[in-house]
Amino acid sequence: MDCINAKYVSQKISKTRWRPVSASSLQQPELLATGSWDNEDNKVSIWSVGENGGSNMEDEFEEIPVTVASVFFFGFFFNLFQFLDQDRLVTASSSGAVTIYNLKSESQTLSVLHTWEGAHHYQCARAPCTAVVCSSPELVSVGEDGRVVLYKADQSRIVRTIENADSSTIHAVTFLRTAEVLTVNSIGQLKLWDLRQGNEPAQILTLTGDRVPLHCVDKHPNQQHIVATGGQDGMLCIWDVRQGSVPFSLMEAHSAEMWEVHFHPSNPDHLFTCSEDGSLLHWETSSGSDTPSFLQGRNSSMMSRSATAPAGGNQSLISAWLSGDSSKGRLETTHMLPSQTLSVNSLDVLGQCLVCGTDGEAVYIHRRVLV
């Protein structure tokens, strides 16, 4: 696709995230964070892409990311999941630690505000922390030890630990609502946790058939009952947590493990996935003839193995992701990267901007993702 620019950073990228912008601002994001993995010395880095561009021969704007700040961290891999706010970001690592960093872009420094050491652990050793999610001021982390741990950013102690939340590795977590989180694990289960209640999940949803590990999860930004997951088989699964305990639809997405899935935060008819197979996909869903202009003129593919739309209720309020009528529901996919051979490990999208990081030691930036 056009508008893609690559920056080779001499390190495999495990995670990448845009720094958030003010909700009232029309400004596009100008800073992004990356975390490396599989290096002797791994680090968290902040990059500026705002005013460092040039023009190519076609007068297209090119992004040339420049390092603003970086800091080394302890651990073989790193899982930067998201910014807590514009000045703080939260990380998790293979050492079992969860850390909050403070970013001062004016002085180009990144410093540790607080670390919860050994938040995830086995009986006699530390356990890797696999993911952390933020809903300021609350944080929740999950790990290979099967624990779900709750923190508050302004408190040095751990608020709560669900010790035996899972007997298998928990790979990802997302907030559904203020006091509800959803986890996915290595045996194909989604577990909904009400943090106001006890130590048992409020709901369990499961992939049918083989217990395929799930690696990633994201919620619809406006309809929290709609959830997307991806896993070891590369399938994209759409779930309605109100309806039953199995996926609403399954779609063939990638030929290898899917590492991340994200709804666009303000245009949820758009969804993005990345995979071990080296691909980054843009999924667009539309209904009827009200197809936006930027969806026209592309090859479309139908939802496969789609379930029946839930009965009752106002059908006009049903998300296009839950449209079981193939004549009304249409799903289009676009490959967003040139031919890749190495894994695309992470992606993030904000406004018109998308970024992804790869095992090919490159960060790719797209500045006009919805046009």
Taking the side chain from [X] and the backbone from [Y], do they hold a donor-acceptor pair closer than 3.5 Å?
X      : Y      : result
His282 : His270 : no
Thr34  : Ile13  : no
Glu260 : Leu347 : yes
His254 : Ala256 : no
Gln86  : Pro20  : yes
Arg160 : Leu195 : yes
Asp277 : Ser255 : yes
Thr130 : Val142 : yes
Asp145 : His121 : yes

Using only heavy-atom distances, determine whether the side chains of [X] and [Y] contain a donor-acceptor pair under 3.5 Å.
X      : Y      : answer
Ser346 : Trp259 : no
Ser186 : Thr169 : no
Thr99  : His114 : no
Ser111 : Thr109 : no
Asp348 : Thr16  : no
Glu200 : Gln197 : no
Arg211 : Asn185 : no

- Show your reasoning for whether salt bridge (charged side-chain N to carboxylate O under 4.0 Å, His left out) applies to Glu30 and Arg367. CA-CA 11 Å; Glu30 296 183 350; Arg367 276 291 196 179; over 6 Å; no

Taking all heavy atoms of [X] and all of [Y], pick out the closest pair and write down the distance.
X      : Y      : answer
Ser279 : His335 : CB-ND1, 4.1 Å
Ser36  : Gln11  : CB-OE1, 3.0 Å
Asp269 : Ala320 : OD1-CB, 4.4 Å
His120 : Pro128 : CB-O, 4.4 Å
Leu89  : Leu110 : CD2-CD1, 3.8 Å
Met258 : Ala253 : CE-CB, 3.8 Å

Using a 4.5 Å cut-off on heavy atoms from C-beta on, say whether the side chain of [Y] contacts that of [X].
X      : Y      : answer
Asn5   : Val49  : no
Val66  : Trp47  : no
Leu322 : Ile238 : yes
Asn42  : Phe72  : no
Val98  : Val90  : yes
Thr183 : Trp193 : yes
Leu182 : Val217 : yes

- Task: Verify side-chain contact (heavy atoms from CB on, under 4.5 Å) between Thr334 and Glu284, making sure each step is shown before the conclusion.
- Result: CA-CA 8 Å; Thr334 303; Glu284 308 166 76; 3.8 Å; yes

- Query: Checking ring-ring contact (aromatic ring centres under 6.0 Å, His included) against Trp321, which of Phe263, Phe248, Trp239 comes through?
  - Reply: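 It is Phe263, the one option of Phe263, Phe248, Trp239 that forms the ring-ring contact (aromatic ring centres under 6.0 Å, His included) with Trp321.
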
Name every donor-acceptor pair, under 3.5 Å, that has one atom in a side chain of residues 349-360 and the other anywhere in the protein, sequence neighbours excluded.
from   : atom 1 : to     : atom 2 : distance (Å)
Gln352 : OE1    : Val369 : N      : 3.3
Gln352 : OE1    : Leu370 : N      : 2.9
Thr358 : OG1    : Gly360 : N      : 3.0
Thr358 : OG1    : Ala362 : N      : 3.4
Thr358 : OG1    : Ala362 : O      : 3.3
Asp359 : OD1    : Trp37  : NE1    : 2.9
Asp359 : OD1    : Asn345 : ND2    : 2.7

Interatomic distance, [X] atom [atom1] to [Y] atom [atom2] [nearest 0.5 angstrom]:
X      : Y      : atom1 : atom2 : answer
Arg242 : Gln224 : CZ    : CD    : 11.0 Å
Leu236 : Ser275 : CG    : OG    : 11.5 Å
Leu337 : Tyr364 : CG    : OH    : 6.5 Å
Cys216 : Glu257 : SG    : CD    : 11.0 Å
Leu214 : Thr229 : CG    : OG1   : 5.0 Å
Leu176 : His220 : CG    : NE2   : 13.0 Å

- Message: Check this for me: Asn164, atom CG, are more than 12 non-hydrogen atoms of other residues, nucleotides or ligands nearer than 6.0 Å?
- Response: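 No, not enclosed.
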
- Does Glu180 pair with Lys191 as a salt bridge, N-O distance under 4.0 Å?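 Result for this pair is no, no salt bridge flagged.
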
- Is the closest basic N to carboxylate O distance between Asp87 and Arg19 below 4.0 Å?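 Arg19 and Asp87: salt-bridged.
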
Distance-only check: which donor-acceptor pairs under 3.5 Å involve side-chain atoms of residues 151-159, not counting sequence neighbours?
from   : atom 1 : to     : atom 2 : distance (Å)
Tyr151 : OH     : Ser141 : OG     : 2.6
Lys152 : NZ     : Glu138 : OE2    : 2.4

- Query: When the ring planes of His264 and Phe272 are compared, do they come out parallel, tilted or perpendicular, using 30° and 60° as the limits?
  - Reply: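 Ring orientation of His264 relative to Phe272: tilted.
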
- When you look at Ile100 and Val112, which way does the side-chain contact (heavy atoms from CB on, under 4.5 Å) test go after all the steps? CA-CA 6 Å; Ile100 300 180; Val112 174; over 6 Å; no

Applying a strict under-4.5 Å side-chain criterion to I, L, V, M, F, W and Y, I'd like to know whether [X] and [Y] cluster together.
X      : Y      : answer
Ile204 : Val246 : no
Val148 : Ile187 : no
Tyr8   : Ile4   : yes

- Query: Hey, mind stepping through Leu190 and Val227 against side-chain contact (heavy atoms from CB on, under 4.5 Å) and telling me if it holds?
  - Reply: CA-CA 10 Å; Leu190 288 76; Val227 174; 4.2 Å; yes

- Stepwise side-chain contact (heavy atoms from CB on, under 4.5 Å) check, Val71 with Tyr101: CA-CA 10 Å; Val71 61; Tyr101 289 91; 3.5 Å; yes

